[in-house]
Asker: 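Have a look at the structure that comes next, please.
No hydrogens, no waters, no symmetry mates; every other heavy atom, side chains included, goes into these values. Here is the naming used below: chain letters follow the sequence lines, and residue numbers restart at 1 for every chain.
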Amino acid sequence: MVTGSLVRRVATTPWNARLRELASQSLFSESLTLYRSMLRSGSSPDAFSYPFTLKSCAALSLPVSGQQLHCHVIRYGCVAEPFVLTALISMYCKCGLVEDARKVFDENTQSHHLSVCYNALISGYTANAKAADAACLFRTMKERGVSVDSVTMLGLVPVCTVPDYVWFGMNLHGQCVRGGMDSELAVVNSFVTMYMRCGSVESGRRLFDQVPVKGLITWNAVISGCAQNGLAYDVLELYEEMKSSGVRPDPVTLVSVLSCCAHLGAQKVGQEVEKVVEANGFASNVFVSNALISMYARCGDLAKARGVFDVMPVRSLVSWTAMIGCYGMHGMAETGIKLFDDMVKCGIRPDGTVFVMVLSTCSHSGLTGKGLELFDAMKREYKLEPGPEHYACVVDLLGRAGRIDEAMVFIESMPIEPDGAVWGALLGACKIHKNVDMAEVAFAKVIEFEPMNIGYYVLMSNIYTDSKNQEGIWRIRVMMRERGFKKEPGYSYVEHKGRVHLFLAGDRSHEQTEEVYRMLDELETSVMEMAGNTECDRCGEVSSSTREHSERLAVAFAILNTSPGTEILVIKNLRVCEDCHVFIKMVSKIVDRRFVVRDASRFHYFEDGLCSCKDYW
DNA sequence: TTAGGGTTAG
């Protein structure tokens, strides 16, 4: 069999040597230019010219140039060469033309005996999310007795994250163990990633733990896997372990770590990561810069986020999206919309995500008209088809503004079927505007789509609580019991001296638990004493039922460990409950601290008994 | 032919 190494050995004509050099340095367009010069000079290309030029077309995603090269391959009689066939298949797959790749494979029967050709086509199917085709070709390969090697696995394993193929992936893992292929680190890495992406975090971690000598990519697979599964706290621990084991992080590691710092509000850790970024010259990496923007913005330092954004030599659509989202979270809708306009002026075409961002920014800031205008522009000007998430934003936009009937009419006129998010937005609006009848309609619909989403049951129950409908509260409670829901795990985080402290509702596992609860008791007493003259905007009372909520524990911990005048950032990944909102407001009057609370979608500033976000409740 | 990466409303 002719392999890539042979290509490297025999590509000795000056033209081919130069083509190889350019492609190996990732100078792909230069390599194609050189190929054209070669033709113009009258030199005939041979089989050894094509792997490099085809690779360049694949890298630049130039299907037309690739097809031209395919014609040349035939004209110059190079099609029978196995490494040319493989390069052709790979090129078509990387340009998204999987059917053409299959044609090359089918029409050149010699490829039916070459594992490299199968490998190229299988990984092409995988990259184009064609799980059934990949699995089918793998079966054919085995039936024909073609040898399966570790590269076959590397091409096939990533497709097993599709729900129907999880068992297939586990089966492949078994085959690799039996065939001894699991001794190859790359293969194990691909399985770690597979388990993590399927949400089988335990299996992924178990496999990771069994690897005796872990490489950079092994660490990255488990770190990004934890990050994708929302285990931000574990990511920071793993990052420390990785450094102690002597493996140095690369941009991929740092992107995941920064993303977790953003979620946890761990600004000190994030700043340390930024030093590593600078020391290693990773700042020019657009993924790293995007993660830095998001980290600073979500930690409440908008100026630093903007600083990173401003000095970026090249900004991607994600950079703009992250920065616009930051302004939305901080209630600075006008600045966010202006940035959106600037982005368009820079010639960047918006996508669906950036529209979700601007629409939600408008609805949080009460810019209803502007939001509706943008939704219209999305369809008409930018020719983007709105998805259910955009319709949900519009329902939220109208609903928050109190235009609930209009929101209902809007839902009924939708050209696509409304999903849970759309009805959920209506339900949220009914909560704000105390519309129990409409809430019941929205709730019935929302649980059709998302019967296991506990948040909606809690929301409906709170609506009944507001309207003092005891029968309704019981009904929801029975439904929740029938569906086997447990108490909602409310997490809050506070960073202190570079360490993130996590609190769960009713948690007693923290090392300072005794002191934290003692502080909480003191605060409760003071707040209760104040309650007579500082009432909740909504109900005029302070409930004691929520006294062990995670945000209160986090606040008590922070007061205990910080000195007066300090600004405290508390992170809550769900919406801060109404009682805790009132509690923190009152606490900010008692103690000399400024609280910045970030919940699921925005920042709330509490100082001297006042909160910045009155419109929210 | 080949393992790991960022933004997202309710």
Asker: What pairs with A/Tyr92 under side-chain hydrogen bond (donor to acceptor under 3.5 Å, both in side chains), at least two apart in sequence or on another chain?
Answerer: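 Residues passing side-chain hydrogen bond (donor to acceptor under 3.5 Å, both in side chains) with A/Tyr92: A/His70.
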
Asker: Counting just side-chain N and O atoms, does A/Gln228 come under 4.0 Å of either OP1 or OP2 of B/dG5?
Answerer: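 Result: yes.
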
Asker: Nearest whole angstrom, please: distance from the C1' of B/dA9 to the CG of A/Asp351.
Answerer: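 Checked: the CG to C1' distance equals 14 Å.
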
Asker: Validate the cation-pi geometry between A/Lys55 and A/Phe28: distance from NZ or CZ to the six-membered ring centre under 6.0 Å, angle to the ring axis within 45°.
Answerer: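 Relative to the ring axis of A/Phe28, which defines the angle, A/Lys55 lies outside at least one limit.
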
Asker: Would you say A/Lys94 reaches B/dT2's phosphate, i.e. side-chain N/O to OP1/OP2 under 4.0 Å?
Answerer: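 A/Lys94 to B/dT2 OP1/OP2: side-chain N or O found under 4.0 Å.
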
Asker: Among the candidates B/dG4, B/dT8, B/dG10, find the nucleotide nearest to the side-chain atoms of A/Ile217.
Answerer: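 Of the candidates, B/dG4 comes closest.
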
Asker: Output the rounded distance in Å from CG (A/Leu398) to P (B/dG10).
Answerer: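 Distance, rounded to whole Å: 14 Å.
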
Asker: Who are the salt bridge (Lys or Arg N to Asp or Glu O under 4.0 Å) partners of A/Lys370, not counting sequence neighbours?
Answerer: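 Once residues adjacent in sequence are excluded, the partners of A/Lys370 under the salt bridge (Lys or Arg N to Asp or Glu O under 4.0 Å) criterion are A/Glu373.
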
Asker: Consider the side chain of A/Pro251, meaning its heavy atoms from C-beta on, and name the nucleotide among B/dT8, B/dG10, B/dG5 that approaches it most closely.
Answerer: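 When the side chain of A/Pro251 is considered, B/dG5 is the closest of B/dT8, B/dG10, B/dG5.
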
Asker: If the cut-off is 4.0 Å, is A/Ser319 near the phosphate of B/dT7, judged by side-chain N/O to OP1 or OP2?
Answerer: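 Negative; the distance criterion is not met.
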
Asker: Grab the CG-P distance between A/Leu317 and B/dT8 for me, whole Å please.
Answerer: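 Roughly 13 Å, once rounded to whole Å.
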
Asker: Counting side-chain heavy atoms from CB outward, which of B/dT2, B/dT7, B/dG6 is closest to A/Leu154?
Answerer: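 Of all the options, the side chain of A/Leu154 is nearest to B/dT2.
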
Asker: Rounded to whole Å, how long is the line connecting atom CE of A/Met329 with atom P of B/dG10?
Answerer: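 So the CE-P distance, A/Met329 to B/dG10, works out to 10 Å.
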
Asker: When the distance from CG of A/Asp396 to C1' of B/dT8 is rounded to whole Å, what number comes out?
Answerer: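 Answer to the nearest Å: 14 Å.
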
Asker: With respect to the phosphate group of B/dG10, does any side-chain polar atom (N or O) of A/Ser601 fall under 4.0 Å of OP1 or OP2?
Answerer: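 So the side chain of A/Ser601 is within the cut-off, an N or O lying under 4.0 Å from OP1 or OP2 of B/dG10.
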
Asker: Take the protein atom CE of A/Met378 and the nucleotide atom C1' of B/dA9, then report the distance between them rounded to whole Å.
Answerer: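 Checked: the CE to C1' distance equals 12 Å.
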
Asker: Output yes when at least one side-chain N/O atom of A/His390 is less than 4.0 Å from OP1 or OP2 of B/dT8, else no.
Answerer: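 For B/dT8, OP1/OP2 do not have a side-chain N/O of A/His390 under 4.0 Å.
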
Asker: Quick check on B/dG10: is either OP1 or OP2 less than 4.0 Å from any side-chain nitrogen or oxygen of A/Arg400?
Answerer: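 So the side chain of A/Arg400 is within the cut-off, an N or O lying under 4.0 Å from OP1 or OP2 of B/dG10.
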
Asker: Measure from CG on A/Asn220 to P on B/dG6 and round the result to the nearest Å.
Answerer: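 In whole Å, B/dG6 P lies 11 Å from A/Asn220 CG.
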
Asker: Nearest-Å distance, CG (A/Leu172) to P (B/dA3)?
Answerer: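 Distance check: A/Leu172 CG to B/dA3 P gives 15 Å.
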
Asker: Among B/dG10, B/dT1, B/dG6, which is the nearest nucleotide to the side chain of A/Glu450?
Answerer: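 Of the candidates, B/dG10 comes closest.
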
Asker: Would one find a side-chain N or O of A/Ser256 under 4.0 angstrom from OP1 or OP2 of B/dG5?
Answerer: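 Answer is no, no contact under 4.0 Å.
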
Asker: Determine: side-chain N/O of A/Arg298 to OP1/OP2 of B/dT7, distance under 4.0 Å, yes or no.
Answerer: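 For B/dT7, neither OP1 nor OP2 has a side-chain N or O of A/Arg298 closer than 4.0 Å.
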
Asker: Using centres under 5.5 Å plus planes under 30 degrees as the test, is A/Phe287 stacked with B/dG5?
Answerer: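 A/Phe287 ring centre within cut-off of B/dG5 base, planes near parallel; stacks.
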
